[in-house]
**Student:** 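One structure follows; several queries about it will come next.
Both ligands and their constituent atoms are indexed starting at 1 by order of listing. Side chains included, hydrogens not; waters and symmetry mates left out as well; all remaining heavy atoms used.
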Amino acid sequence: MTTIAENWGVHKDQFWLRGEFPAEPVGFEAETGAWNVYGHAESLKTLSDPKVFSSDTARLIPKEMSPEKDQFTEGNLLQMDPPDHKKLRTLVSHAFTPKVVADLEPRIAALTNELLDAVDGADSMELVTHLAYPLPVIVIAELLGIPASDRDLFKEWVDTLLRNSQKRSLIEQTEADRKAAEETREQVTNLVNYLGEHVDDRRKNPREDLLTKLVEAEVDGVKLTQNEVVNFANVLLLAGHITTTMLLGNTVLCLDSHPDEYRRVREDRSLLPSAIEESLRFLSPFALVARATTTEVELGGRTIPADSMLFTWVAAANRDPRTFTDPGIFDPSRAHNPHLAFGRGIHFCIGAPLARLEGKTALNILLDRFPDLRTDPAVPPSFIPSPHMTGVNELQLLLKP
Ligand code: HEM
């Protein structure tokens with residue numbers, strides 16, 4: 001068996017999910033004006049050398065295509081390079097200690113049970129609506145200190161962002177590109193205005209929450225600006241839920257479509273963490289990360305000029321046959337799984353421990369409560385309609401024998 005992903009309606013550009021791998025691990029795409037990195041070793045190089053592969057990619061995006069630089073990028077860890085990156089990351093790491101994350105376990109378990117109570121006794125459920133979306137968004141909203149009851153509001157904004165996250169040329173913009181950029185700007189503005197009001201409130205009324213910690217935090221004796229607090233909170237809100245929603249849906253789909261593995265994991269829950277890691281490799285939620293070269297550089301046998309946009313396709317690297325034996329096989333017992341789904345190096349996902357904990361806790365409860373859980377063969381899964389993500393958007397499940 002190679003891959004069954006082609007039957008799932010995944011995005012047509014994600015060729016690695018069809019068991020294909022390019023002969024060249026690095027290539028230039030004339031249509032978009034960007035370089036694509038697909039190989040695992042080459043991806044690692046781009047993630048491990050921020051001096052050459054900078055995260056400040058906004059400078060290479062045509063002005064009419066990008067949300068206002070500074071207004072939206074200040075404080076966005078994902079777009080920062082050393083030394084500023086280190087200062088903010090150190091500060092934020094104080095709020096995301098292993099203890100803070102571990103202490104969330106009972107709350108994650110209680111929320112999962114509460115969400116599943118709503119489908120108790122039902123014959124079927126749609127996983128994303130009932131569990132995979134609300135759980136991570138409530139957890140991150142509660143951590144930040146914003147009302148989780150506003151989640152339908154952010155869902156509307158975030159769905160538009162995801163829909164507009166499409167392949168775009170850096171060379172020539174179409175009317176559709178300009179419209180998408182405008183809509184993206186609008187939705188990011190909605191998000192930062194919303195968060196800005198909560199940040200203003202926390203300056204006057206401090207609470208025991210992450211927004212208050214960010215408002216009060218100091219880096220080298222200097223406090224974060226309003227833009228920095230708001231943009232960082234925005235990254236946490238977005239990164240903190242979209243990807244974990246995908247992780248939960250993808251893992252259920254991977255298990256369901258591999259019955260022997262599913263049975264083994266069900267019977268021996270100690271296998272669940274490695275099944276989650278394998279799901280992250282097999283269907284990587286964030287398919288790519290972007291970098292900008294600061295100097296001319298050799299990579300994968302190609303010479304990349306300075307100031308080039310580079311897309312490191314971690315989802316493809318996670319299927320590189322030079323690194324992974326039988327990459328198209330979902331194998332939770334894989335002995336060596338150096339997947340890049342959470343990135344690597346200085347930008348390694350700060351929320352990885354939280355995502356792993358949410359995955360393990362929620363899936364354990366789901367399997368306990370619904371021993372006959374399986375996908376509904378009459379309703380095929382659907383995926384987020386963006387080449388930049390690999391994640392279940394809808395997954396209909398049958399709950400009874
Ligand atoms: C960074 C993936 C969950 C917050 C990253 C990066 C990846 C990633 C690939 C590296 C980006 C780069 O190198 O440019 C994922 C996946 C997740 C997940 C697949 C779930 C399955 C979370 C959660 C949070 C979070 C739950 C917050 C609570 C962040 C932040 C960064 C980041 C703040 C930026 C770190 C930095 O630049 O130093 N994530 N993430 N992520 N992630 Fe996650």
**Student:** Atom 6 (C) of ligand 1: which protein heavy atom is closest, and how many Å away?
**Tutor:** Phe342 O, 3.8 Å
**Student:** Could you tell me if any non-hydrogen atom of Ile140 lies under 4.0 Å from any atom of ligand 1?
**Tutor:** yes
**Student:** Strictly below 4.0 Å, N to O, side chains only: are Arg269 and Asp368 in salt-bridge contact?
**Tutor:** yes
**Student:** What residue and heavy atom of the protein are closest to atom 35 (C) of ligand 1, and at what distance?
**Tutor:** Arg89 NH1, 3.3 Å
**Student:** Under 4.0 Å from a heavy atom of Thr244: which atoms of ligand 1 are those, numbered in the order shown and with their elements?
**Tutor:** 20 (C), 26 (C)
**Student:** Flag the pair Ser333 / Glu278 as yes when at least one side-chain heavy-atom distance between them is below 4.5 Å, and no otherwise.
**Tutor:** no
**Student:** What protein heavy atom is closest to atom 11 (C) of ligand 1, reported as residue, atom name and distance in Å?
**Tutor:** Leu78 CD2, 3.5 Å
**Student:** Which of the numbered atoms in ligand 1 are below 4.0 angstrom from a heavy atom of Ile346?
**Tutor:** 38 (O)
**Student:** How about Glu296 and Thr303: does a side-chain donor come under 3.5 Å of a side-chain acceptor?
**Tutor:** no
**Student:** Nearest protein heavy atom to atom 19 (C) of ligand 1, by residue and atom, and its distance?
**Tutor:** Ala341 O, 3.5 Å
**Student:** Does ligand 1 have a heavy atom under 4.0 Å from the side chain of Leu77, from its backbone, from both, or from neither?
**Tutor:** both
**Student:** Report the distance from atom CD1 of Ile384 to atom CG of Asn393, rounding to the nearest 0.5 Å.
**Tutor:** 5.0 Å
**Student:** Considering non-hydrogen atoms of the protein only, which is the closest contact for atom 18 (C) of ligand 1, and what is the distance?
**Tutor:** Thr243 OG1, 3.2 Å
**Student:** Considering heavy atoms of the protein only, find what lies nearest to atom 27 (C) of ligand 1 and give residue, atom and distance to 0.1 Å.
**Tutor:** Gly240 CA, 3.6 Å
**Student:** Which of the numbered atoms in ligand 1 are under 4.0 angstrom from any heavy atom belonging to His85?
**Tutor:** 36 (C), 37 (O), 38 (O)
**Student:** Please write down residue, atom name and distance for the protein heavy atom closest to atom 30 (C) of ligand 1.
**Tutor:** Ile350 CG2, 3.7 Å
**Student:** Is any side-chain N of the basic residue among Arg322 and Asp320 closer than 4.0 Å to the acidic one's carboxylate O?
**Tutor:** yes
**Student:** Any salt bridge between Lys213 and Asp209, counting N to O under 4.0 Å?
**Tutor:** no
**Student:** Are any side-chain N or O atoms of Ser284 and backbone N or O atoms of Ala287, one a donor and one an acceptor, separated by less than 3.5 Å?
**Tutor:** no
**Student:** Report the part of Met80 in contact with ligand 1, treating N, CA, C, O as backbone and CB onward as side chain, heavy atoms under 4.0 Å; options are side chain, backbone, both, neither.
**Tutor:** neither
**Student:** Heavy-atom contact under 4.0 Å between Arg356 and ligand 1?
**Tutor:** no
**Student:** Is the shortest distance from a Lys or Arg side-chain nitrogen in Glu24 or Arg302 to a carboxylate oxygen in the other one below 4.0 Å?
**Tutor:** no
**Student:** When you compare the side chain of Glu29 with that of Trp35, does any pair of heavy atoms fall below 4.5 Å?
**Tutor:** no
**Student:** Under 4.0 Å between a side-chain nitrogen and a carboxylate oxygen: does that hold for Asp331 and Arg334?
**Tutor:** no
**Student:** Please work out, at 4.0 Å between heavy atoms, whether the side chain, the backbone, both, or neither of Leu354 comes within that distance of ligand 1.
**Tutor:** side chain
**Student:** Out of Cys349, Ala315, Pro50, Ser55, whose heavy atom sits nearest atom 32 (C) of ligand 1?
**Tutor:** Cys349
**Student:** Salt-bridged, Lys45 to Glu42, with N to O below 4.0 Å?
**Tutor:** no
**Student:** Show me which atoms of ligand 1 lie under 4.0 Å from any heavy atom of Gly343.
**Tutor:** 9 (C)
**Student:** So which bit of Val92 gets within less than 4.0 Å of ligand 1, heavy atoms only: side chain, backbone, both or neither?
**Tutor:** neither
**Student:** Starting from atom 22 (C) of ligand 1, which protein heavy atom do you reach first, and at what distance in Å?
**Tutor:** Ala239 O, 3.3 Å
**Student:** For a 4.5 angstrom cut-off between non-hydrogen side-chain atoms, does Phe348 reach Leu47?
**Tutor:** no
**Student:** Between the candidates Arg291, His347, Arg344, which shows the shortest non-hydrogen contact distance to atom 14 (O) of ligand 1?
**Tutor:** Arg291
